[in-house]
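All chains are named by letter (A, B, ...) in the order of the sequence lines, taking the proteins before the strands, and each is independently numbered beginning at 1.
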Protein chains: 2
Amino acid sequence: MTPSSASVAHASNNDFYADNEKLYVATDCIVFGFDEGDLKLLIFKRRVEPDSGIWSLIGSFVQLDEDVNDAARRVLKEITGLDEIFLEQSKTYGKADRDPGYRCLSVAHYALIRIDDYDKELVESHGAYWYTLKDLPKLALDHDQMVADALNKLRRKARQQPIGFELLPEKFTIPQLQQLYEAIYQRELDPRNFRKKVLSLKVLVKLEEKDKSGSKRGAFLYRFDAEKYQELLESGYNFEI
Amino acid sequence: MTPSSASVAHASNNDFYADNEKLYVATDCIVFGFDEGDLKLLIFKRRVEPDSGIWSLIGSFVQLDEDVNDAARRVLKEITGLDEIFLEQSKTYGKADRDPGYRCLSVAHYALIRIDDYDKELVESHGAYWYTLKDLPKLALDHDQMVADALNKLRRKARQQPIGFELLPEKFTIPQLQQLYEAIYQRELDPRNFRKKVLSLKVLVKLEEKDKSGSKRGAFLYRFDAEKYQELLESGYNFEI
DNA sequence: TCAAAAAAACGTATTTTGTACGTTTAAAAG
DNA sequence: CTTTTAAACGTACAAAATACGTTTTTTTGA
């Protein structure tokens, strides 16, 4: 029986790929974090030959009995220890010559994690580090392109959904939120207009506490109200930040 | 040598997938067209066993020496005879059990074609037909989901780029263009505001001819000025329809 | 032949949203 | 106890989206 999706008559038996030929499928994860006012990326330096010393994204082969997005979740769990995080497919990279070793295509995913949540020791034990986006080193293969594409996705996504909260701790101040959006959009925003805009969305809950780390005066902490967000979404509300 | 993208230590030799196991990669194309005021989809009825009689998207396996997007172009060329058309990656479908026959993942692409351009005989010879989106039959496997996802992509894309012109003939009237956008967005638009908006983009060239097919009075034909569009794009102009 | 009908084409008013920027307030630091 | 800094609040103007009126062109059929 032929895979039903292959409609154009090519494979009529299960030897479409000859016995000695293989097409590998991997997944690579573009892991974004936010710290000290900067967007960061979790990348990883190979410690063993071949390619020892080359920076690349974290990734893995997709196993034969494994959903592709599960493979991405597995990688993230293995490296960061984190389970339930924002993870979304970005794009598939399928050039025949993208990997000099094998024919291998990669389904890229991007993830957003709260940088204070992850398991530091686990990350370090895998040779992974957080790099500020601006001074990212050259990465292996087409991983630079993957980062650029994922960043674009993140920007578009951030404009339509209050996705940024995935990158901040539970409690955050409005100036912190603004810093994050400035880092994502790579441009400065007017603090007065930003506050007005973000409060008008009505998905922030003001807390009694203040955070004094950012300024003398301190700023009130807020939290994101996911329930209210859901409610408003369902009633057709439009979120643009 | 290990594929460099597989960073998480799994495959250390080229037998990560056992000799008797294979992971197939296919591509499926969601082909949109526009005719008689409706968005249409090119789908195809298998004529041979197995799955004879089941409707599905057009697709093919990705060959071992072939870029994934080239595979999609090849499929389109084979079925429609068309070469240089709008084609973009949509999403990759990678559930382990999505195809009951094999482990096979599919990189979906969506395409926009001018419905009067394609090669009718070639299409029919492959058992493919144009279906109005609204009364699409149930499709094979996860192809229904593919269509839904691609339609969403198309909607987003159409809002940010004057992509709709890909679906119309060279010459078209403003009411026709409006019909197209109404079909894409699935909602009615005010004809006066639509005209104002679309003309304000300054990428339409008014011709001397009129098209009388749509109304008694007839409407002036326009064409899309791709050069001017490029110019404006490069000078940072913002297109939203 | 000419009035009614229909849709194209043009125009105006109102509302909403975005942008620019002034003022007040709270707390720390000299 | 004044100065400094950033948070928090507010106002004015510009641009964009929306709602809807009017004129024009042509066909249809009374």
For B:I163 and B:A158 the tightest heavy-atom approach is CG2-CA, 3.4 Å

Interatomic distance, CG@A:D35 vs CZ@A:R114, rounded to 0.5 Å, equals 14.0 Å

Rounded to whole Å, CD1 of A:I241 lies from P of C:dG18 at a distance of 12 Å

query = Checking all strands, does B:G218 fall into the base, sugar-phosphate, or nothing category for heavy-atom contacts under 4.0 angstrom?
reply = sugar-phosphate

Any protein N or O atoms within reach of nucleotides 28-30 of chain C? Criterion: under 3.5 Å, listing atom names and distances.
none

Contact check, residues 181-203 of chain B vs DNA chain C, heavy-atom distance under 4.0 Å, returns B:R192, B:R195, B:K196

Outer limits of DNA chain D sitting under 4.0 Å from a non-hydrogen atom of chain A, read 5' to 3', are D:dT4 to D:dT11

Between A:F165 and the options A:Y181, A:F172, A:F86, the ring pair (Phe, Tyr, Trp, His ring centres under 6.0 Å) test singles out A:F172

Any idea how A:W55 and A:Y131 line up, ring-wise: parallel (<30°), tilted (30 to 60°), or perpendicular (>60°)?
-> perpendicular

Handout entry: Steps toward side chain to side chain donor-acceptor pair (under 3.5 Å) verdict (A:D28, A:S106)
Key = CA-CA 6 Å; A:D28 288 294; A:S106 175; 2.6 Å; yes

**Q.** Main-chain N/O of B:L57 paired to B:H143 side chain as donor or acceptor, under 3.5 Å
**A.** yes

Problem set entry | Mutual orientation of the aromatic rings belonging to A:F239 and A:Y229 [parallel < 30°, tilted 30-60°, perpendicular > 60°] | perpendicular

Rounded to whole Å, CG of B:D211 lies from P of C:dA9 at a distance of 10 Å

